[in-house]
There are 2 protein chains.
Amino acid sequence: MLTMKAKYALRALTTLARHGHAPLPAHQLAAQARVPESFLEVILAELRRAGYVSSKRGLQGGHQLAKAPEQIGLGDLIRAIDGPLAPIRCASLTAYRACSDCPDPEACATRVLMTDVRNAIADVLDRRTLRDQLLLESHRGDLAA
Amino acid sequence: MLTMKAKYALRALTTLARHGHAPLPAHQLAAQARVPESFLEVILAELRRAGYVSSKRGLQGGHQLAKAPEQIGLGDLIRAIDGPLAPIRCASLTAYRACSDCPDPEACATRVLMTDVRNAIADVLDRRTLRDQLLLESHRGDLAA
DNA sequence: TAATTTCCGACAAATCCAGTCGGAATACTA
DNA sequence: TAGTATTCCGACTGGATTTGTCGGAAATTA
């Protein structure tokens, strides 16, 4: 499941990317990305901790991307905000944990199935970066114009 | 995300399938599938409503599969228990709903991305049936023996 | 009738989600 | 130095969802 938080994070990052290098204050970012301002604060804190944005306080301050869009993998981004991609922990590569009620994870058919699902998800997400999202939007805009 | 409920449902159905045609009482099913007995009741009710199991009351009663395992698609099963496969409603084929905060779903890059994810998930799940899960387990057993 | 079993709805505890709020710290400008 | 704009931080809250439990009614069979 994609939470609001991750959806907002994605929008915030693409907004920052489009805005260029100058720092963008949170209240403007909130308006442009359509994210509730006080919730955006929470999200920016996580993005900062994860190294995706850097922030500057005071007048002329604001937030900016800390990496180039093509270096922001969407899989990792969503992992940072929403946790593991796998539908169930025992199918996660990056955050494996056996089910407490599972006598033998090696033999678990559910785990095998869900591992296939998690790989399918990761295949999509880990092949794309923020840059792809930007191109998607601008391409759309071009067509409409 | 795969909830406990869906995980239990999957285990309950494979257990019923392995047990054959005779009805299996809930308390035995609970033990064999390792599902809390009173929660299993709730789950069986949903499976019955969705047409996957049929039940018989009274002495010699119990639950049995209402379809052949190869006719129980895992995608549909999980949809019946956990809801849409898509990570976000606006990316669902079977249960589409636009985000309330989205000015133009057609142009939404997040929706495009998540549609790819949902298709990847559905590709895995809609190609498999309960029979595949059965084979997975028995094959495993063979190897271990 | 007695035993067994499903069936049903209400309830409840725990966890997670989506956000808010108040204020402290920091930086810039005049 | 004062004032203003801004980030930064943690605590809090209300609601939804998950993961169950419980008590009893209805049905079936022996």
Side-chain angles (χ1 to χ4, degrees), chain A residues 1-12 16 19 22-31 33-66 78 80-84 87-89 99-101, chain B residues 1-12 16 19 22-31 33-66 78 80-84 87-89 99-101:
Chain A
M1 219 252 314
L2 189 78
T3 61
M4 288 291 131
K5 211 158 150 181
K7 195 175 73 172
Y8 290 159
L10 215 40
R11 291 213 293 239
L16 284 183
H19 184 257
L24 187 61
H27 69 274
Q28 285 182 36
L29 178 53
R34 302 188 314 279
V35 178
E37 198 170 333
S38 43
F39 195 24
L40 179 60
E41 247 184 59
V42 176
I43 294 165
L44 283 171
E46 286 184 39
L47 291 174
R48 206 178 325 113
R49 253 174 266 134
Y52 292 111
V53 316
S54 67
S55 311
K56 244 181 73 181
R57 298 190 191 199
L59 252 167
Q60 315 289 2
H63 307 273
Q64 49 194 306
L65 276 192
I78 291 181
I81 300 294
D82 276 354
I88 189 172
R89 275 306 266 291
C99 297
S100 61
D101 66 349
Chain B
M1 217 252 315
L2 190 78
T3 61
M4 289 289 132
K5 211 157 150 182
K7 195 175 74 172
Y8 289 158
L10 214 39
R11 290 214 291 239
L16 284 182
H19 184 258
L24 187 61
H27 69 274
Q28 285 182 37
L29 178 53
R34 301 188 316 279
V35 179
E37 198 169 335
S38 42
F39 196 23
L40 179 61
E41 246 185 61
V42 176
I43 293 165
L44 283 171
E46 287 186 39
L47 290 174
R48 205 178 325 112
R49 253 173 267 133
Y52 292 111
V53 316
S54 67
S55 310
K56 243 179 73 179
R57 299 189 191 199
L59 253 165
Q60 316 288 0
H63 307 272
Q64 49 194 305
L65 276 192
I78 291 180
I81 300 294
D82 277 354
I88 189 171
R89 275 308 265 292
C99 297
S100 62
D101 66 350

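Residue numbering restarts at 1 for every chain, and letters A, B, ... go by the order of the sequence lines. All of these numbers come straight from a predicted model, not from anything done at the bench.
- The structure places CG of A:L10 at 6.0 Å from CD1 of A:I78, a figure rounded to the nearest 0.5 Å.
- OP1 or OP2 of D:dG20 lies within a sub-4.0 Å distance of a side-chain N or O belonging to B:Y8.
- Straight-line distance from the CE atom of B:M1 to the C1' atom of C:dT15: 11 Å, rounded to whole Å.
- In this view, A:E46 and A:K5 satisfy the salt bridge (Lys or Arg N to Asp or Glu O under 4.0 Å) rule, not counting sequence neighbours.
- With sequence neighbours left out, the side chain to side chain contact (heavy atoms under 4.5 Å, CB included) criterion links A:P23 to A:Q64.
- In this structure, A:K5 atom NZ and C:dG19 atom P are separated by 11 Å, rounded to whole Å.
- Judged by closest nucleotide on DNA chain D, A:L59 is the one of A:S55 and A:L59 placed further toward the 5' end.
- We find the CG-CD1 distance between A:L29 and A:I43 to be 9.5 Å, quoted to the nearest 0.5 Å.
- Checking C:dC7, D:dA30, D:dT19 against every side-chain atom of B:Q60, the shortest atom distance belongs to D:dA30.
- Distance OG/B:S54 to CG/B:L44: 11.0 Å, rounded to 0.5 Å.
- Toward the 5′ end of DNA chain C lies the nearest nucleotide of B:G62, the other residue of the pair A:L2 and B:G62 mapping further downstream.
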### Task
Please report the C-alpha distance between B:L24 and B:H63 in whole Å, then the side-chain angles of each, then the deciding distance to 0.1 Å, and finally whether the side-chain contact (heavy atoms from CB on, under 4.5 Å) criterion is met.
CA-CA 5 Å; B:L24 187 61; B:H63 307 272; 5.7 Å; no
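- One interatomic measurement links the two molecules: CZ of A:R57 to P of C:dA27, which rounds to 7 Å at whole-angstrom precision.
- Annotation: proximity of residues 37-50 of chain B to DNA chain C (heavy atom, distance under 4.0 Å) is found for B:E41, B:R48, numbered in ascending order.
- In this structure, A:Q28 atom CD and D:dT7 atom C1' are separated by 14 Å, rounded to whole Å.
- Here the straight-line distance linking atom OH of B:Y8 with atom CG of A:D101 works out to 5.0 Å at 0.5 Å rounding.
- Between the CG atom of B:D101 and the P atom of C:dA18 there is a distance of 11 Å, given to the nearest Å.
- Here the P atom of nucleotide C:dG19 and the CE atom of A:M4 are 7 Å apart, to the nearest Å.
- Between the CZ atom of A:R11 and the C1' atom of C:dA18 there is a distance of 14 Å, given to the nearest Å.
- Rounded to whole Å, the distance from CG on B:L24 to P on C:dT5 is 11 Å.
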